[in-house]
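As the structure is a prediction and not an experimental result, all values here were calculated from the model.
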Amino acid sequence: TQLATDEAYLDSLLTSAMNGSYVGIEGTQGANDKEGFAALVDGDTATKWCVTNFAAGDTATCVFKVSKNLRPFYYALVTGNDTGRDPERNWLHWKVFGANFESDAAAKADAEGWTLVDQRDSITTDRLPAANYASAYFGLNVEAAPAYQYYKVEVTDAVSGNIIQMSEFTFGDKEEFGVLQEEYVSLVQDFSTDIVAQQALLDDYAEHISDINDAQDADQLMELYIVMKKKQDTILASEKAYEEFDAFIAQIETALLDN
């Protein structure tokens, strides 16, 4: 199931990174000079952080700072330009840390003082699509934490193989979450149920449309959208079955008339 990507909304999130609000400090170098760790937070989906020769037990890191202390509510990942062709390069396990240091020089990946604010394990394509330039959203455990200026991303596994990649990492606050939620509400509401399909499926979909309004964070929002997207797929499959049945009946009627 591929999550929706609203380009206008995502562009608004990436603007701060492009304006220099996010600055890469240190990290694991990429396949070439254009695919280093800093590309993960440059706000440009045309670039990516791509680490090759990534062996079992390795950890790829990207340490970056924001222009002012930030208490984000969630973050967005954007997949690479060729993820559809090479889906195994997507991240499978990763962690996000926050910290405050006296200087950039002190913000080392192995420095003491990092606080874990999110951890993801065995993420499937439901949550991180195997598609080019696809966006995915994840909540953060930062409600009780102080605002941080430095952040670190650690990636410990790709889906498979020895290459990991991701185009962008960017934060969003509670206000931006409200905008994101409205986008997904529209995606659910705009799905047409004015079709010929199993009525029970259509009724069930209509009954649960409002559920997505109840999401309290990015993880709940994505989980509820995935449920609704699966309902959409089931409805469309039912519509196709009805169409095939009607076509079959039409063939029989034509055959009877010919005889």
Side-chain angles (χ1 to χ4, degrees), residues 2-25 38-45 47 62-79 91 94-100 114-120 123 126-129 133-153 166-191 208-229:
Q2 181 172 339
L3 303 186
T5 302
D6 182 86
E7 293 185 3
Y9 172 75
L10 189 59
D11 285 347
S12 70
L13 282 183
L14 296 174
T15 297
S16 59
M18 294 188 73
N19 290 340
S21 296
Y22 293 35
V23 178
I25 301 297
L40 183 66
V41 292
D42 65 358
D44 185 359
T45 56
T47 67
C62 173
V63 177
F64 64 95
K65 72 172 182 179
V66 293
S67 59
K68 60 181 179 180
N69 288 31
L70 179 69
R71 182 178 288 146
F73 189 60
Y74 67 99
Y75 62 94
L77 295 180
V78 182
T79 60
W91 300 352
W94 70 89
K95 297 177 182 178
V96 182
F97 299 83
N100 289 314
W114 290 109
T115 298
L116 181 68
V117 296
D118 189 52
Q119 179 172 343
R120 302 287 162 165
I123 297 302
D126 276 350
R127 291 292 276 114
L128 187 58
Y133 305 114
S135 56
Y137 303 93
F138 301 90
L140 284 159
N141 181 25
V142 294
E143 285 299 296
Y148 295 120
Q149 187 173 19
Y150 293 91
Y151 289 89
K152 175 177 65 168
V153 177
M166 195 64 58
S167 174
E168 291 301 317
F169 179 108
T170 188
F171 289 120
D173 58 24
K174 277 193 172 182
E175 182 177 350
E176 288 165 326
F177 173 73
V179 176
L180 177 66
Q181 188 168 23
E182 290 175 2
E183 295 289 342
Y184 278 88
V185 167
S186 295
L187 286 170
V188 171
Q189 291 177 338
D190 291 346
F191 177 76
H208 290 91
I209 283 178
S210 62
D211 290 357
I212 206 160
N213 285 308
D214 299 329
Q216 299 299 306
D217 57 40
D219 291 314
Q220 287 184 13
L221 180 62
M222 295 299 98
E223 289 166 5
L224 287 168
Y225 177 72
I226 288 169
V227 169
M228 296 305 290
K229 184 64 172 65

Student: Testing the basics here: between Ala136 and Pro129, what is the closest heavy-atom pair and its distance to 0.1 Å?
Tutor: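 Scanning both residues completely, I find the closest heavy atoms to be CB-CD, 4.2 Å.
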
Student: Can you tell me how far apart CD (Gln220) and CG (Asp211) are? Round to the nearest 0.5 Å.
Tutor: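 It comes to 11.0 Å.
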
Student: Determine whether Tyr151 and Val41 make a side-chain contact, defined as any pair of heavy atoms from C-beta on separated by less than 4.5 Å.
Tutor: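 No, their side chains stay 4.5 Å or more apart.
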
Student: To the nearest 0.5 angstrom, please state how far the CG atom of Asp42 sits from the CD atom of Glu168.
Tutor: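 Between atom CG of Asp42 and atom CD of Glu168 there are 4.5 Å.
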
Student: Taking all non-hydrogen atoms of both residues, which atom of Leu77 and which atom of Trp94 are closest, and how far apart?
Tutor: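 Taking every non-hydrogen atom into account, CD1-CZ2, 3.7 Å.
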
Student: Could you tell me whether the side chain of Thr115 reaches within less than 4.5 Å of the side chain of Phe97, counting heavy atoms only?
Tutor: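 In short, these two side chains do not touch, never coming nearer than 4.5 Å.
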
Student: Applying side-chain contact (heavy atoms from CB on, under 4.5 Å), run through Leu221 and Tyr137 and close with a yes or a no.
Tutor: CA-CA 9 Å; Leu221 180 62; Tyr137 303 93; over 6 Å; no

Student: For Gln181 and Asp214, work out which heavy atoms get closest and say how close.
Tutor: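 Smallest heavy-atom distance, with atoms named: NE2-N, 4.2 Å.
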
Student: Could I get the full list of side-chain hydrogen bond (donor to acceptor under 3.5 Å, both in side chains) partners for Asp118, not counting sequence neighbours?
Tutor: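 Result, side-chain hydrogen bond (donor to acceptor under 3.5 Å, both in side chains) vs Asp118: Tyr75, Arg120.
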
Student: Suppose we call two aromatic rings close when their centres sit under 6.0 Å apart. Are Phe169 and Phe64 close by that rule?
Tutor: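 That pair passes the under 6.0 Å test.
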
Student: If you measure from CE on Met222 to NZ on Lys229, what distance do you get to the nearest 0.5 Å?
Tutor: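 So the gap between those two atoms works out to 13.5 Å.
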
Student: Could you pull out the closest heavy-atom pair between Ile226 and Arg127, with the gap in Å?
Tutor: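 In this case the closest contact between Ile226 and Arg127 is CD1-CD, 3.7 Å.
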
Student: If the condition is side-chain contact (heavy atoms from CB on, under 4.5 Å), which residues does Gln119 pass it with, not counting sequence neighbours?
Tutor: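 side-chain contact (heavy atoms from CB on, under 4.5 Å) list for Gln119, sorted by chain: Lys95, Leu116, Asp121.
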
Student: On a heavy-atom basis, which atom in Asn100 and which in Tyr148 lie closest, and how many Å separate them?
Tutor: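 Answer, listing the atom of Asn100 first, then Tyr148: OD1-CA, 3.3 Å.
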
Student: Report the distance from atom CD1 of Ile25 to atom NZ of Lys152, rounding to the nearest 0.5 Å.
Tutor: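 Here the rounded value is 14.0 Å.
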
Student: So which heavy atom on Met166 is nearest to which on Thr79, and how close?
Tutor: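 Between these two residues, the closest heavy atoms are SD-CA, 3.7 Å.
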
Student: Distance check, rounded to the nearest 0.5 Å: Ile212 atom CD1 versus Glu182 atom CD?
Tutor: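 Here the interatomic distance stands at 12.0 Å.
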
Student: Drop me the distance from His208's NE2 to Leu224's CG, to the nearest 0.5 angstrom.
Tutor: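 Going from the NE2 atom of His208 to the CG atom of Leu224 covers 10.0 Å.
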
Student: Can you check whether Tyr22 reaches Thr170 side chain to side chain, under 4.5 Å on heavy atoms?
Tutor: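 Of all side-chain heavy-atom pairs linking Thr170 with Tyr22, at least one is under 4.5 Å.
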
Student: Consider ring pair (Phe, Tyr, Trp, His ring centres under 6.0 Å). Of Phe73, Phe171, Phe138, which one does Phe177 pass it with?
Tutor: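 Filter result, single survivor: Phe73.
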
Student: Just wondering, do Tyr225 and Leu187 contact through their side chains at under 4.5 Å, heavy atoms?
Tutor: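 Leu187 vs Tyr225: side chains touch.
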
Student: Do Arg71 and Leu140 have side-chain heavy atoms sitting under 4.5 Å apart?
Tutor: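 The answer is no, as the side chains (C-beta and beyond) never meet within the 4.5 Å cut-off.
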
